[in-house]
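Have a look at this one before I ask anything.
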Number of protein chains: 2
Amino acid sequence: MTLEKLFANFDNYIPLDEEEREDLSKRLAERKVKRRQFILQEGDVCKHYTFVAEGCFKKFHVDKKGTEHNLQFIAENDWIMEIDSFYNEKPSRVFIEALEPSVILQITKPDLIELFMSNPKFNRNFRVIIENRFVELENRVLQAISSTAEERYLTFLNQYPKLSQRLPNTQIASYLGITPEFLSKIRKEISKR
Amino acid sequence: MTLEKLFANFDNYIPLDEEEREDLSKRLAERKVKRRQFILQEGDVCKHYTFVAEGCFKKFHVDKKGTEHNLQFIAENDWIMEIDSFYNEKPSRVFIEALEPSVILQITKPDLIELFMSNPKFNRNFRVIIENRFVELENRVLQAISSTAEERYLTFLNQYPKLSQRLPNTQIASYLGITPEFLSKIRKEISKR
DNA sequence: AAATGCCCTTAAGATAGTTTAAGAGTAAAT
DNA sequence: ATTTACTCTTAAACTATCTTAAGGGCATTT
């Protein structure tokens, strides 16, 4: 069931044949995660690439004042990766925490590298995963340097219509880089029209 | 001379042997670019991965009002890539323009794919290039949603000390997501201390 | 040498976003 | 069932940033 979702996800890129599915699935570990549970904490080295089969996570940084800043939401059918920590084995500067009860599939670095070596298709598929996230990030930088908070909020609603209904506005505000109070004001303005 | 710089760049990742250098260099085209010349325009499909051997470029977006927003500066010893346009052959939404007279090395997509197929080392090296840029981008998003303009400016000075002396402040302001007037004010504040 | 264009700065007034405080509503914990 | 914690909203005062306008300094073009 859970694996099926992952295979279906790869079907969007380069689909895997029976043998490749075997190779992949025997290297994956399934985990259930409770709401508010962390799968990565600041200072730890990220040991896994993680596929979200069900649920939703946030990736965030905590500044010196103790304020959280949400870098990304990752919901079902998407990958969680903390690239710098994972590949370079550096301590992570972010936390990754479940916002809902979730089910994930995880693969370790040695296993992933084996897959890369054994079959270029994996290399390609995982490159595409990074590329997609890359495009998302560049768009976010562009928005951040060129748009007002209201524009960013409307873009978010547009881009993640389902997510925006599942997430509390406090979390969305933290993602947009504004205070919850100001988001509230924006929402009021919008609803007036 | 120009090729040497590229090889030296790869030495930071997984160094290439003689044969691999051959394979790579016969697929590269060297180009001289004048100041203010574009190597990619909005609407065009990005046909190359580009290594900057000398000089400096800016990658920017132009909004509906005609205002430019700098997404990135790319100086010597770094790679220019417009991933979405290059891999998915979509029209680019950004321009890439030389800020100084420059020398670049370019490789086309078919040639790059051939390299990927022929030797996993290339795959790995180009993955690392993306990863590095990726980390840079995540840091930028974090800064954008969590820091004031002054903090972002100080981080920029710190992170790109040489660049910050070569670039006009108007360009830096566009990168930071503020107006040149406000950057001027910030600089005055800082120098008072 | 004059003219043009680009860059940097200053300042006043406007707008966008934060802070603090408070209250009401809802979900979670005991 | 009650308490506790979290979320959303409002408003007033404050701070960060933008807009407009203007002037001076270089460098490049004519």
Side-chain angles (χ1 to χ4, degrees), chain A residues 33-37 55-56 58 60 62-70 73 97-102 143-157 163-193, chain B residues 34-37 56 58 60 62-70 73 97-101 141 143-157 163-193:
Chain A
V33 183
K34 290 184 197 159
R35 194 166 115 90
R36 309 234 162 147
Q37 192 178 335
C56 183
K58 66 173 173 177
F60 64 97
V62 179
D63 67 22
K64 325 91 206 168
K65 291 182 191 156
T67 309
E68 297 185 4
H69 301 281
N70 288 343
F73 300 118
E97 179 188 351
L99 288 165
E100 303 173 354
S102 305
Q143 278 258 323
I145 65 176
S146 69
S147 308
T148 63
E150 176 174 329
E151 288 166 334
R152 269 146 42 215
Y153 178 56
L154 292 173
T155 301
F156 177 78
L157 292 184
L163 261 188
S164 61
Q165 290 174 326
R166 277 157 73 180
L167 298 169
N169 286 326
T170 43
Q171 295 303 324
I172 296 175
S174 164
Y175 176 91
L176 297 173
I178 59 178
T179 58
E181 292 85 357
F182 189 50
L183 177 53
S184 193
K185 202 170 181 177
I186 290 172
R187 287 160 52 79
K188 192 182 172 186
E189 275 306 313
I190 292 172
S191 70
K192 268 199 226 161
R193 303 179 202 153
Chain B
K34 289 184 196 158
R35 194 166 116 90
R36 309 235 164 148
Q37 191 178 336
C56 183
K58 66 172 173 177
F60 64 98
V62 178
D63 67 22
K64 324 95 210 165
K65 291 183 192 158
T67 310
E68 297 185 3
H69 301 280
N70 288 343
F73 300 118
E97 178 187 353
L99 290 165
E100 302 173 356
V141 170
Q143 278 258 323
I145 65 176
S146 69
S147 306
T148 63
E150 176 173 329
E151 287 166 335
R152 268 143 46 214
Y153 178 56
L154 291 173
T155 301
F156 177 78
L157 291 184
L163 261 189
S164 60
Q165 290 175 327
R166 279 156 73 179
L167 298 169
N169 287 326
T170 43
Q171 295 302 324
I172 296 176
S174 165
Y175 176 91
L176 296 173
I178 59 178
T179 58
E181 292 84 356
F182 189 49
L183 178 53
S184 192
K185 200 170 183 176
I186 289 172
R187 286 161 52 80
K188 192 181 173 188
E189 276 305 314
I190 291 171
S191 71
K192 269 200 223 159
R193 304 179 200 151

(message) Below the 4.0 Å mark, does D:dT9 have OP1 or OP2 next to a side-chain nitrogen or oxygen of A:Arg187?
(response)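 True: A:Arg187 side-chain N/O within range (under 4.0 Å) of D:dT9 OP1/OP2.
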
(message) Donor-acceptor pair, distance only, cut-off 3.5 Å: does the side chain of B:Ser146 make one with the backbone of A:His69?
(response)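 Looks like no, no N/O pair under 3.5 Å.
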
(request) Give me the ring orientation class for A:Phe73 and A:Tyr175: parallel if the planes are under 30° apart, tilted from 30 to 60°, perpendicular past 60°. (result)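 Aromatic pair A:Phe73/A:Tyr175 classed parallel.
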
(request) Send over the distance from B:Phe182 CZ to C:dT10 P, rounded to a whole Å. (result)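 Whole-Å distance recorded here is 14 Å.
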
(message) Please pick, from C:dA11, D:dC8, C:dG17, the nucleotide with the shortest atom-to-atom distance to any side-chain atom of A:Ser184.
(response)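 That would be D:dC8.
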
(request) Provide, to the nearest angstrom, the distance between the CD1 atom belonging to B:Ile145 and the C1' atom belonging to D:dA16. (result)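 Result: 18 Å.
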
(request) For B:Leu183 and for A:Ile186, locate the closest nucleotide of DNA chain C by heavy-atom distance; then report the residue assigned to the nucleotide nearer the 5' terminus. (result)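 That would be B:Leu183.
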
(request) Return no unless some side-chain N or O of B:Asn169 is found under 4.0 Å from OP1 or OP2 of C:dC8. (result)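 B:Asn169 to C:dC8 OP1/OP2: side-chain N or O found under 4.0 Å.
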
(request) By nearest nucleotide on DNA chain D, pick out whichever of B:Glu181 and B:Lys185 is the more 5' one. (result)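 Nearest-nucleotide comparison on DNA chain D picks B:Lys185.
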
(request) Using whole Å, report how far CD of B:Glu151 lies from C1' of D:dA16. (result)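 Rounded to whole Å, this separation is 12 Å.
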
(message) Taking 4.0 Å as the cut-off, does a side-chain nitrogen or oxygen of B:Thr179 come that near to OP1 or OP2 on D:dC18?
(response)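 Indeed, a polar side-chain atom of B:Thr179 lies that close.
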
(message) Please check this pair: side chain of B:Glu189 against backbone of B:Ile186, looking for a donor-acceptor N/O pair closer than 3.5 Å.
(response)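 No.
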
(request) Among the candidates D:dC8, C:dC6, D:dT17, find the nucleotide nearest to the side-chain atoms of B:Arg36. (result)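 The nucleotide sitting nearest to the side chain is C:dC6.
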
